[in-house]
2 protein chains.
Amino acid sequence: MKLLIIEDDKHLSDTIRETTQGMFETLQAFDGEDGLFLAEQNIFDVIILDIMMPGMNGYEVLKELRSSKIETPVIMLTAKDGIDDKIQGFKVGADDYMVKPFHREELLLRLEAMVRRAGGSFKENTLYFKDLKLNLKTKSAEINSEAVKLNGKQYDLLEYLINNKNTILTKEQIFDRIWGFESDTSTTVVEVYASNLRKTLKKYGYDNYIKTFRGLGYMLSEDGDN
Amino acid sequence: MKLLIIEDDKHLSDTIRETTQGMFETLQAFDGEDGLFLAEQNIFDVIILDIMMPGMNGYEVLKELRSSKIETPVIMLTAKDGIDDKIQGFKVGADDYMVKPFHREELLLRLEAMVRRAGGSFKENTLYFKDLKLNLKTKSAEINSEAVKLNGKQYDLLEYLINNKNTILTKEQIFDRIWGFESDTSTTVVEVYASNLRKTLKKYGYDNYIKTFRGLGYMLSEDGDN
DNA sequence: TTGTTTTAAGGTTGGTTTAAGGTTAGTCCT
DNA sequence: AGGACTAACCTTAAACCAACCTTAAAACAA
């Protein structure tokens, strides 16, 4: 699970990061521009977004993000308690809203609710694609009650693909999501893992749901023909 | 999306280029003459045009451009803040105006507004021509919900044609837009791709919307007869 | 050791480009 | 008007090349 915190107050950002560690793998952006750039990679499960920031503010970031058709759930943060802010926040597509300062537990509850609502799987720890069943907790997979042996990164790839079925994911997105931004390995590992995953899924005829789009990326498609 | 920056200050030009990367594919001209020449190719979606330049100044460039019936949206740049400049800029057909120095965000917002206003499709990621629907994000096409198989350059050509339907595009324009100025392949590829595109669209009876004008170029026309 | 991840190398696929011959639409001449 | 001529354009197929696939060995971690 990946969380992006866009917040110019470094101290608060770090506090959130610590509060949520264990639940999320966190990335921090300290201004709107960087935040937007990261968010547009579409590799996060939730975004915490401060409104008052120098330069590009939270509303602008969110507006941009939504108009790029990125639907990652967003929790807006603000110091003000005015109702106007809330209205404006929701109008541009915020999913939830928190007034600073807030309690640890409130944050955790809202995060949990957020992810769950987004079809996500927090307490729900299974994910399905046709007859393929992923257990998120144990990072294991099975097809028709038969266990499928997947190693760590293969599993990660499959989970990411299922979470984004029917949309093309670029090699860069996949790489950033699974290997992380600062990893210095080459993005060709993605090809290797795509190949590995297909190979292990072939046995069940699930390999040809993984389509490659030359020059664009990969997609897990619900129809296996072509 | 293509952006042309006509600005003699190389540093500023580069800054703009970096600011807009990801949004636009950028070309730079460092004086008015070169700028005008490039702009007249009519392959750009927006032009950023500095006023104060040695030689041909911004007003002159814009005036020439408009009298060649090129209606690409133009944002004028100036160091002065006088109201007179604004008036003169708009009189010769500028679409927007910015005073140096400006903020990153202001530029981005204006660019976006500009392209959107021009009927452009910025964050809109679908484009229509009759029953043909293009998905800009996945670079795919469908007619009446049936997928049409187009490879990269074929898709690019179709998109360019639709964006300029009912206007004739020369082979040079098409070539510059899709293959790029510095490409060293011959412009006859355009003919090949026109042929290919017609062939794949023939199945749906859409081939005869692509008209060729001997000695002039091609046009995507909304009426299929002659 | 054992299993996983990364790198490297060669093979394959399929989109792109080139080239060559065919077709069409204008132009000129009678 | 009709026919020959020509330049522009069309079509096809083979050659080329970049993206992608696959495999296996090397590096790393448990």
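Model, not experiment: these values are computed from the prediction. Here is the naming used below: chain letters follow the sequence lines, and residue numbers restart at 1 for every chain.
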- Item | Presence of A:W179 side-chain N/O under 4.0 Å of C:dT5 phosphate oxygens OP1/OP2 | no
- Rounding to a whole Å, what distance do you find between B:E172:CD and D:dA8:P? 11 Å
- Query: Taking protein heavy atoms under 4.0 Å as touching, what does nucleotides 14-30 of chain D look like 5' to 3' if B marks base contact, S marks sugar-phosphate-only contact and - marks none?
  - Reply: -----BSBBB-------
- Ignoring backbone atoms, establish whether B:N151 has a side-chain N or O less than 4.0 Å from OP1 or OP2 of C:dG14. no
- Message: What is the separation between atom NZ on B:K153 and atom P on C:dT18, rounded to the nearest whole Å?
- Response: 12 Å
- Query: Have A:N42 and A:Q173 got a donor and an acceptor in their side chains that come within less than 3.5 Å?
  - Reply: no
- Parallel, tilted or perpendicular: which fits the ring planes of A:Y206 and A:Y209, with parallel below 30° and perpendicular above 60°? perpendicular
- Here the distance between atom C1' of C:dT4 and atom CD1 of A:I178, to the nearest Å, is 15 Å
- Query: Which residue, B:R177, B:K2, B:K139, forms the salt bridge (Lys or Arg N to Asp or Glu O under 4.0 Å) with B:D156?
  - Reply: B:K139
- Message: Measure CG/A:L157 against P/C:dT4 and give the value in whole Å, please.
- Response: 16 Å
- Looking only at atom types and distance, does a side-chain atom of B:D31 sit under 3.5 Å from a main-chain N or O of B:E33, one as donor and one as acceptor? yes
- Task: Could you verify whether a donor N or O on one side chain and an acceptor N or O on the other, from A:E142 and A:N135, lie under 3.5 Å apart?
- Result: no
- Query: Hey, is the main chain of B:K202 close enough, under 3.5 Å, to the side chain of B:R198 for a donor-acceptor pair?
  - Reply: no
- Query: Rounded to whole angstroms, how far apart are OH on B:Y155 and C1' on C:dG14?
  - Reply: 20 Å
